[in-house]
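Some notes on the structure that comes next.
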Amino acid sequence: MAAGQTEFDVLVIGAGVGGYPAAIRAAQLGKRVGIVEKQYLGGTCLNVGCIPSKALLHVAHLYAEFGEMGLMGIQAAQPKVDMAVAVAYKDKVVKQLTSGVGQLLKANGVTIFDGMAEVQSPTQVRVTLNDGSTQDLRTSKLILANGSTPIRPPFPGIDGRNVIFSDEALSMSEVPASLVCIGGGVIAVELACMFNAFGTEVTIVEMLPAIIANEDEEAIRALTQSLTKRGIKINTNAKVESIEDADGKKRVTATTADGKKSFDGEYVLVAVGRQANPAGLDALAKAGLNMERGRVLANEKMETNLPGVYAIGDLVGRTWLAHVAETEAEIAAENACGHEARMDYDVIPRPIFTFPEVASVGLTEKQAREKNPNIHVGKFPWAANGKALTANEREGFTKVIIGEYGEVLGACIFGPDATNLITEYSLAMRAELTVDEVLSTIHPHPTYSEALREATLAAEGRPIHIYQRAVARR
Ligand code: FAD
Ligand code: NAD
């Protein structure tokens with residue numbers, strides 16, 4: 001939408017989960033705010049990332065759970081998945097959220113420009129609107145929230161038929177018969193889990209020694225086992241170097257310690273990471289904006305080295321997570337509006353929406369031991385949690401890492417609702433609570449949350465619902 005107003009206190013480039021919260025916060029602080037978006041309100045997360053993937057994962061999880069319903073006395077004919085309807089359901093969820101973003105921006109008085117922004121200087125932006133016309137805007141403060149795009153590795157065959165990225169994987173009209181995932185990171189494991197549940201034969205090819213390699217080692221082992229048990233073939237230490245057509249399928253070839261190995265599938269999903277998208281920022285780069293391989297560098301106040309210019313979210317690329325982009329957005333808006341706010345990157349939850357889910361915060365056990373061997377680790381299995389048994393969710397564990405002063409250093413949950421539960425440990429870390437406060441907080445029964453308290457008891461050597469030979473610490 002073109003608008004009459006062209007002078008702003010704060011102008012935001014990009015309306016993803018970084019950009020739109022920044023605009024709303026600046027408007028709440030009484031500023032004249034504009035936002036420029038070239039493609040879709042809500043950006044990657046709402047249109048082709050977090051939300052669509054979780055909507056389809058929800059469908060896949062329901063479908064997968066059907067298998068165990070007989071065990072609980074629910075008898076029905078084997079259901080079938082209609083992928084086109086599942087995708088339409090996902091599209092409806094996306095539309096509801098993205099139109100909500102538009103309404104929120106308007107309700108807060110933010111002027112929306114539908115078009116591509118070319119930043120001319122820290123105070124001048126030219127927008128090529130979707131109707132082809134241009135509009136020149138002036139601003140006191142600029143917040144860059146241009147986001148990211150998938151990395152397209154320069155393999156032979158990358159542009160071929162049936163080679164897809166996460167965008168296309170979330171809009172398939174039919175369930176693929178087989179799929180080879182290049183990369184075993186977060187996108188690959190989530191989508192592998194989804195397609196496997198729908199009946200696709202899935203193969204993961206990862207160049208590192210493990211999938212989700214930065215996570216807790218026990219969680220990696222447990223997820224690997226769980227996915228393998230369900231039929232997903234996981235190949236690690238295998239660096240993909242080419243894709244070709246062979247025998248009517250796609251063939252992915254990787255270099256391994258034992259030489260070259262090939263993996264065949266109907267489709268190939270490329271999920272080897274994302275890269276910052278500095279589109280429209282050439283003039284700022286020429287003016288000396290500090291950048292590193294497309295990423296814009298920003299300090300803890302989200303300030304770049306150019307006065308009045310802030311950068312947030314995947315464009316900064318510290319974590320590539322929506323909730324970090326949103327927090328950075330609020331920090332940038334506060335600072336752009338004359339307040340003082342700083343990011344703290346120590347306590348960032350890392351959710352992975354496989355089933356079971358994996359969620360972590362803070363240090364892994366290995367990282368904590370490397371820093372200080374004098375730590376206590378408590379672990380509690382879901383098989384000993386009443387609520388988990390009622391839901392037939394026996395797989396996995398909750399683990400908490402406690403420092404020598406009783407502080408929570410990190411946690412990792414592999415199991416039901418892990419991505420929600422991790423917030424309890426995040427809050428404990430953020431508020432610098434010790435085991436005493438966690439343990440003296442009464443957790444409702446029967447709930448999954450009791451497992452977090454039990455894991456903390458286990459770190460103290462005194463769990464109630466599992467037998468632990470070690471003597472209580474206190
Ligand atoms: P984006 O969402 O990429 O938004 C940037 C916006 O800027 C885009 O809309 C773009 O069109 C616009 N833009 C760029 N340049 C210009 C220009 N010059 N002019 C005008 N507009 C411009 N994270 C999680 O935390 N949880 C998840 O479950 C999760 N799932 C994901 C699943 C997938 C498949 C993918 C791909 C990502 C997922 N992520 C998840 C990551 C998350 O989507 C990103 O971290 C988040 O979207 C970053 O937000 P952003 O606003 O920085 O960038
Ligand atoms: P990623 O960095 O998580 O994983 C990419 C993987 O590809 C790595 O393990 C890497 O070793 C591997 N790889 C790279 N080149 C390879 C090659 N030639 N052969 C074999 N393996 C290769 O990236 P992603 O999975 O693409 O996800 C991008 C970002 O999106 C992530 O960083 C993540 O933060 C975000 N995301 C988050 C969520 C969530 O929070 N639940 C979900 C999806 C995506």
Side-chain angles (χ1 to χ4, degrees), residues 12-22 35-54 56-57 98 113-119 125-128 144-151 153-155 165-167 169-170 181-191 204-215 235-242 252-256 269-282 311-326 328-329 348-354 357-359 419:
V12 182
I13 311 300
V17 288
Y20 81 77
I35 192 165
V36 191
E37 171 54 53
K38 70 178 167 60
Q39 195 173 3
Y40 32 37
L41 295 181
T44 303
C45 179
L46 267 54
N47 292 278
V48 288
C50 329
I51 295 299
S53 59
K54 270 78 242 183
L56 288 176
L57 273 158
T98 51
F113 296 90
D114 296 326
M116 171 75 190
E118 281 289 336
V119 181
V125 173
R126 173 161 295 171
V127 183
T128 304
L144 307 174
N146 303 45
S148 65
T149 54
I151 294 177
F155 304 142
F165 289 77
S166 54
D167 284 20
L170 296 170
C181 300
I182 305 180
V186 193
I187 290 183
V189 293
E190 287 185 359
L191 294 184
I204 292 177
V205 188
E206 164 59 54
M207 69 179 183
L208 296 177
I211 55 168
I212 55 163
N214 296 328
E215 286 306 330
N235 303 274
T236 51
N237 292 309
K239 184 168 191 242
V240 174
E241 277 161 3
S242 67
V252 166
T253 302
T255 299
T256 72
L269 169 70
V270 185
V272 295
R274 294 187 61 90
Q275 62 196 355
N277 168 30
L281 304 183
D282 290 355
I312 58 175
D314 281 10
L315 181 66
V316 174
R318 283 207 200 207
T319 64
W320 318 94
L321 290 170
H323 39 286
V324 175
E326 187 169 349
E328 290 175 341
I348 293 176
R350 304 184 298 274
I352 304 182
F353 297 83
T354 42
E357 296 180 343
V358 183
T419 56

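Every number for a ligand or one of its atoms is a count from 1 in the order of the listing.
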Check: T256 and N237 side chains under 4.5 Å, non-hydrogen atoms
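They are not in side-chain contact.
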Please examine the side chains of I182 and V205, heavy atoms only from C-beta on, and report whether any two atoms are closer than 4.5 Å.
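A side-chain contact is absent here, since even the closest heavy-atom pair is not under 4.5 Å.
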Can you measure from OG1 (T236) to CG (L208) and round to the nearest 0.5 angstrom?
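With rounding to 0.5 Å, OG1 (T236) is 9.0 Å from CG (L208).
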Kindly write out the residues that satisfy salt bridge (Lys or Arg N to Asp or Glu O under 4.0 Å) with R350, not counting sequence neighbours, or none if the list is empty.
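Result, salt bridge (Lys or Arg N to Asp or Glu O under 4.0 Å) vs R350: E215.
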Is there a donor-acceptor pair under 3.5 Å between the side chain of E118 and the backbone N or O of R126?
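Flag not set: sc E118 to bb R126 has no pair under 3.5 Å.
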Of all heavy-atom pairs between [X] and [Y], which one has the smallest distance, and what is that distance?
X    : Y    : value
T419 : P351 : CG2-CB, 3.6 Å
V189 : G184 : CG1-O, 4.1 Å
D314 : G147 : CB-C, 3.7 Å

For ligand 1, which of its N or O atoms have a protein N or O partner closer than 3.5 Å, and how long is each gap?
{"unit_1": "ligand 1", "atom_1": "2 (O)", "unit_2": "T44", "atom_2": "N", "d": "2.9"}
{"unit_1": "ligand 1", "atom_1": "3 (O)", "unit_2": "T44", "atom_2": "OG1", "d": "2.7"}
{"unit_1": "ligand 1", "atom_1": "9 (O)", "unit_2": "E37", "atom_2": "OE1", "d": "2.8"}
{"unit_1": "ligand 1", "atom_1": "9 (O)", "unit_2": "E37", "atom_2": "OE2", "d": "2.9"}
{"unit_1": "ligand 1", "atom_1": "11 (O)", "unit_2": "E37", "atom_2": "OE2", "d": "2.7"}
{"unit_1": "ligand 1", "atom_1": "15 (N)", "unit_2": "N146", "atom_2": "ND2", "d": "3.4"}
{"unit_1": "ligand 1", "atom_1": "18 (N)", "unit_2": "A117", "atom_2": "O", "d": "3.1"}
{"unit_1": "ligand 1", "atom_1": "18 (N)", "unit_2": "A279", "atom_2": "O", "d": "3.1"}
{"unit_1": "ligand 1", "atom_1": "19 (N)", "unit_2": "A117", "atom_2": "N", "d": "2.9"}
{"unit_1": "ligand 1", "atom_1": "21 (N)", "unit_2": "K38", "atom_2": "N", "d": "3.1"}
{"unit_1": "ligand 1", "atom_1": "23 (N)", "unit_2": "A322", "atom_2": "N", "d": "3.3"}
{"unit_1": "ligand 1", "atom_1": "25 (O)", "unit_2": "A322", "atom_2": "N", "d": "2.8"}
{"unit_1": "ligand 1", "atom_1": "25 (O)", "unit_2": "H323", "atom_2": "ND1", "d": "3.2"}
{"unit_1": "ligand 1", "atom_1": "28 (O)", "unit_2": "K54", "atom_2": "NZ", "d": "2.7"}
{"unit_1": "ligand 1", "atom_1": "30 (N)", "unit_2": "K54", "atom_2": "NZ", "d": "3.2"}
{"unit_1": "ligand 1", "atom_1": "45 (O)", "unit_2": "D314", "atom_2": "OD1", "d": "2.9"}
{"unit_1": "ligand 1", "atom_1": "45 (O)", "unit_2": "D314", "atom_2": "OD2", "d": "3.4"}
{"unit_1": "ligand 1", "atom_1": "45 (O)", "unit_2": "W320", "atom_2": "O", "d": "3.3"}
{"unit_1": "ligand 1", "atom_1": "45 (O)", "unit_2": "L321", "atom_2": "N", "d": "3.4"}
{"unit_1": "ligand 1", "atom_1": "45 (O)", "unit_2": "A322", "atom_2": "N", "d": "3.4"}
{"unit_1": "ligand 1", "atom_1": "47 (O)", "unit_2": "C45", "atom_2": "N", "d": "3.3"}
{"unit_1": "ligand 1", "atom_1": "51 (O)", "unit_2": "V17", "atom_2": "N", "d": "3.3"}
{"unit_1": "ligand 1", "atom_1": "51 (O)", "unit_2": "G18", "atom_2": "N", "d": "2.8"}
{"unit_1": "ligand 1", "atom_1": "52 (O)", "unit_2": "D314", "atom_2": "N", "d": "2.9"}

Distances for all N or O pairs of ligand 2 and the protein under 3.5 Å?
{"unit_1": "ligand 2", "atom_1": "3 (O)", "unit_2": "V186", "atom_2": "N", "d": "3.3"}
{"unit_1": "ligand 2", "atom_1": "9 (O)", "unit_2": "E206", "atom_2": "OE1", "d": "2.6"}
{"unit_1": "ligand 2", "atom_1": "9 (O)", "unit_2": "E206", "atom_2": "OE2", "d": "3.2"}
{"unit_1": "ligand 2", "atom_1": "11 (O)", "unit_2": "E206", "atom_2": "OE2", "d": "2.6"}
{"unit_1": "ligand 2", "atom_1": "18 (N)", "unit_2": "V240", "atom_2": "O", "d": "3.2"}
{"unit_1": "ligand 2", "atom_1": "19 (N)", "unit_2": "V240", "atom_2": "N", "d": "3.0"}
{"unit_1": "ligand 2", "atom_1": "21 (N)", "unit_2": "M207", "atom_2": "N", "d": "3.2"}
{"unit_1": "ligand 2", "atom_1": "23 (O)", "unit_2": "G273", "atom_2": "N", "d": "3.4"}
{"unit_1": "ligand 2", "atom_1": "25 (O)", "unit_2": "V186", "atom_2": "N", "d": "3.3"}
{"unit_1": "ligand 2", "atom_1": "25 (O)", "unit_2": "I187", "atom_2": "N", "d": "2.9"}
{"unit_1": "ligand 2", "atom_1": "26 (O)", "unit_2": "G273", "atom_2": "N", "d": "2.8"}
{"unit_1": "ligand 2", "atom_1": "34 (O)", "unit_2": "T319", "atom_2": "O", "d": "3.4"}
{"unit_1": "ligand 2", "atom_1": "34 (O)", "unit_2": "W320", "atom_2": "O", "d": "2.9"}
{"unit_1": "ligand 2", "atom_1": "40 (O)", "unit_2": "P351", "atom_2": "O", "d": "3.2"}
{"unit_1": "ligand 2", "atom_1": "41 (N)", "unit_2": "E190", "atom_2": "OE2", "d": "2.7"}
{"unit_1": "ligand 2", "atom_1": "41 (N)", "unit_2": "P351", "atom_2": "O", "d": "2.8"}

Considering only residues two or more places apart or on different chains, which pairs with a residue in residues 35-44 satisfy salt bridge (Lys or Arg N to Asp or Glu O under 4.0 Å)?
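Sorted pair list comes back empty.
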